[in-house]
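Each remark here refers to the structure printed beneath this line.
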Amino acid sequence: MKKKFSVAVIGCGGFARYFVPLFKMHPYVEKVFVCDIIENKAENYSKEFDVETIPSFDDAISRKDIDAVAIFTDRHIHGDLASRALRAGKHVYSAVPMAISVEDCKKIADAVRDTGNIYMMGETCIYYPSSMFCREKHNENSFGNYVYGESQYFHDLSHFPKEYIENRYYAAGSPPFFYPTHSTAMILHATKSRALKVSAMGYSDKEENTPFAKGENNWDNTFSNEIALMQLENGGIARVSECRRIGYRAPSSSVSGFYGTKGSYQFSNTQHIMTTMRPGGVNLEEVSDYLNPEAMTEAKDTENFKEKVANHLWQWNDVSPIHRKRWESLPDSYKENPKINGHMASHQFLIDDFCKAVYKNKHPYVNAWLAARFTIPGLIAHESAKLGGVPLDIPDLGDCPFDSTDF
């Protein structure tokens, strides 16, 4: 494109507010619009962020002065909106998940292939320190041959807004593996592999007044927690977990273990450990100060430190040293406003990735085909869980047919 572009943010709920300022601040973005089916939400955004509103999604994808849309709507309609926008000639940034069906994932990939337009799924966890570290060490062959990894997204329902829990036909009560990428992406990103086969189990919720009771949600789903074992193309195995009813808070997403034939990584709460084989034993290196947010490390001798960590005090917009390797690639407008960020300081990296992809007309790292590889294993895992753990093959859409950015 090689010119500034305009973007319409679709959906003005609690999450999009972290991204409107980032689009406005990016040097490649000329103008930002906002849209919501509830008109007063868009009007509130318009006043708060000094942006124009547009009446509807259909208006956004038909207007010639809008080049891209950023989808932050109810998660179960991401797939349909994304494929429609692509077919209408727009570039698309989508919050996770890509879609909640394999068919809709394929529609998005087909639309990108047919139009050449940019699609990116905003998977925050590729920029989480634990995932970045395992990717870094895997690239260096520090682990040897990959054997086994564990990643999870632990987000208890009690930590969601009240209106989320009450709106059971929007997202509360949906199968956890319909929102899989915060767990699947971490191992698949680190290994640069894909999942071939999955066996999963579900935990049927037993709490009172639960959105997971039979007949209480759009999906007739009773599983509040789902756990899967996946066979990867590289021969290794991954355990991934998506849990919505679990006595835990932070960090909600992490690689808790990553093991190879030569080395391993282990994480718990604040401690990150790397071990590598040597004759007669292992060498142990604590890498906590490299991976923990810098503000967390500065506060580690303060009162109630671990309790603060467990309650998510430093895991939003605070940068970790491992992030600094990519920090210089960010525009000055971002570096001058580091607190306009979120999700382990991933938001700035994600929006910069998308804006550069559109501007340079080069498909991003988390393009439609990689997004599908992060998403589809979870969708098939849910089918396995419904069958009591029967192993199922995971369909694959192939590699990105265009030149794309590497991580």
Side-chain angles (χ1 to χ4, degrees), residues 71 75-84 86-87 92 94-117 119-123 125-126 146 149 151 153 174-202 219-221 223 226-242 363-402 404:
I71 299 171
R75 61 188 63 170
H76 59 280
I77 61 174
H78 288 179
D80 177 62
L81 296 184
S83 58
R84 286 172 58 197
L86 289 162
R87 294 288 182 188
V92 173
S94 175
V96 299
M98 181 185 196
I100 62 167
S101 73
V102 176
E103 180 183 7
D104 278 349
C105 292
K106 187 176 185 302
K107 284 181 179 178
I108 292 170
D110 287 345
V112 175
R113 181 184 286 107
D114 292 346
T115 66
N117 291 325
Y119 171 89
M120 177 176 159
M121 184 182 74
E123 178 43 61
C125 290
I126 64 169
Y146 170 81
S151 60
Y153 181 54
S174 67
F177 269 133
F178 275 14
Y179 193 84
T181 62
H182 290 339
S183 55
T184 57
M186 303 189 87
I187 295 293
L188 298 179
H189 166 66
T191 59
K192 297 188 285 188
S193 191
R194 66 183 181 93
L196 301 179
K197 188 181 289 286
V198 62
S199 173
M201 296 276 185
W219 301 271
D220 200 23
N221 171 59
F223 296 148
E226 293 183 304
I227 318 292
L229 278 179
M230 298 183 183
Q231 180 75 59
L232 305 191
E233 187 178 38
N234 63 11
I237 299 165
R239 188 273 294 151
V240 295
S241 305
E242 287 284 336
H363 291 263
Y365 172 65
V366 189
N367 53 64
W369 288 268
L370 187 57
R373 283 179 172 167
F374 290 168
T375 303
I376 292 174
L379 305 181
I380 304 302
H382 178 61
E383 295 304 312
S384 172
K386 289 196 297 183
L387 296 170
V390 172
L392 297 175
D393 292 331
I394 298 170
D396 183 64
L397 305 187
D399 296 320
C400 179
F402 301 100
S404 61

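When all heavy atoms of Asn221 and Pro176 are compared, the closest pair comes out as ND2-CD, 4.1 Å. Here the closest heavy-atom approach between residue Ala385 and residue Gly202 is recorded as CB-N, 3.9 Å. Taking all atoms of both residues into account, the shortest heavy-atom contact from Pro180 to Pro97 is CD-CB, 4.4 Å. Of all heavy-atom pairs spanning Cys105 and Thr375, the tightest one is SG-CG2, 4.0 Å. Closest heavy-atom contact between Ala95 and His78: O-ND1, 3.1 Å. Nearest heavy-atom pair, Ala109 versus Ala368, reported as atom, atom and distance to 0.1 Å: CA-CB, 4.0 Å.
Between atom OG1 of residue Thr115 and atom CZ of residue Arg87 there is a gap of 7.0 Å, rounded to the nearest 0.5 Å. Atom CD1 of Ile187 sits about 8.5 Å away from atom CZ of Arg239, to the nearest 0.5 Å. Atoms CG and CZ, from Leu86 and Arg113 in turn, are 12.5 Å apart once rounded to the nearest 0.5 Å. Between atom CG of residue Asp114 and atom OG of residue Ser83 there is a gap of 11.5 Å, rounded to the nearest 0.5 Å. Within the model, atoms CE of Met120 and OG of Ser404 stand 12.5 Å from one another, a figure rounded to the nearest 0.5 Å. Atom CG of Leu387 sits about 9.5 Å away from atom NE2 of His382, to the nearest 0.5 Å.
With a 4.5 Å cut-off on side-chain heavy atoms, Leu81 and Ser94 do not count as touching. Two residues are said to be in side-chain contact when any heavy atoms from C-beta on lie closer than 4.5 Å; Arg75 and Ile100 fail this criterion. Side-chain contact between Tyr119 and Met98 is present, with heavy atoms from C-beta onward closer than 4.5 Å. Residues Ile380 and Val102 form a side-chain contact, since some pair of their non-hydrogen atoms from C-beta on lies under 4.5 Å apart. With contacts defined as side-chain heavy-atom distances shorter than 4.5 Å, the pair Met201/Leu229 does not qualify. Two residues are said to be in side-chain contact when any heavy atoms from C-beta on lie closer than 4.5 Å; Leu232 and Leu188 meet this criterion. Side-chain contact check for Val198 versus Pro377: every heavy-atom pair is 4.5 Å or farther apart.
Residues satisfying the side chain to side chain donor-acceptor pair (under 3.5 Å) test with Asp104, not counting sequence neighbours, are none.
Ring pair Phe178/Trp219 is perpendicular by interplanar angle, where above 60° counts as perpendicular and below 30° as parallel.
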TODO: Decide side-chain contact (heavy atoms from CB on, under 4.5 Å) for Glu123 and Leu370; before the verdict, give the C-alpha distance in whole Å, the side-chain angles of both, and the deciding distance to 0.1 Å.
DONE: CA-CA 11 Å; Glu123 178 43 61; Leu370 187 57; over 6 Å; no
Open item on the list: Let's go through Phe374 and His189 carefully: what are the C-alpha distance in whole Å and the side-chain angles of both, what is the deciding distance for ring pair (Phe, Tyr, Trp, His ring centres under 6.0 Å) to 0.1 Å, and is it a yes or a no?
Closed with: CA-CA 9 Å; Phe374 290 168; His189 166 66; 7.3 Å; no
Task: side-chain contact (heavy atoms from CB on, under 4.5 Å) assessment of Met230 paired with Val240 - done: CA-CA 8 Å; Met230 298 183 183; Val240 295; 3.4 Å; yes
- [ ] With side-chain contact (heavy atoms from CB on, under 4.5 Å) as the test, would you mind laying out the steps for Trp369 and Asp399 before giving the verdict?
- [x] CA-CA 6 Å; Trp369 288 268; Asp399 296 320; 5.9 Å; no
TODO: For the pair Val92 and Ile71, evaluate side-chain contact (heavy atoms from CB on, under 4.5 Å) and give the outcome as yes or no after the intermediate values.
DONE: CA-CA 7 Å; Val92 173; Ile71 299 171; 3.9 Å; yes
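Of the possible donor and acceptor atoms, one in the side chain of Gln231 sits under 3.5 Å from a partner among the backbone N and O of Gly236. Using modelled atom types, one side-chain atom of Ser199 and one backbone atom of Gly389 make a donor-acceptor pair closer than 3.5 Å. When atom types are taken as modelled, the side chain of Asp110 and the backbone of Ile108 share no donor-acceptor pair closer than 3.5 angstrom.
Ion pairing between Glu383 and Lys386 holds under the 4.0 Å rule for side-chain N and carboxylate O.
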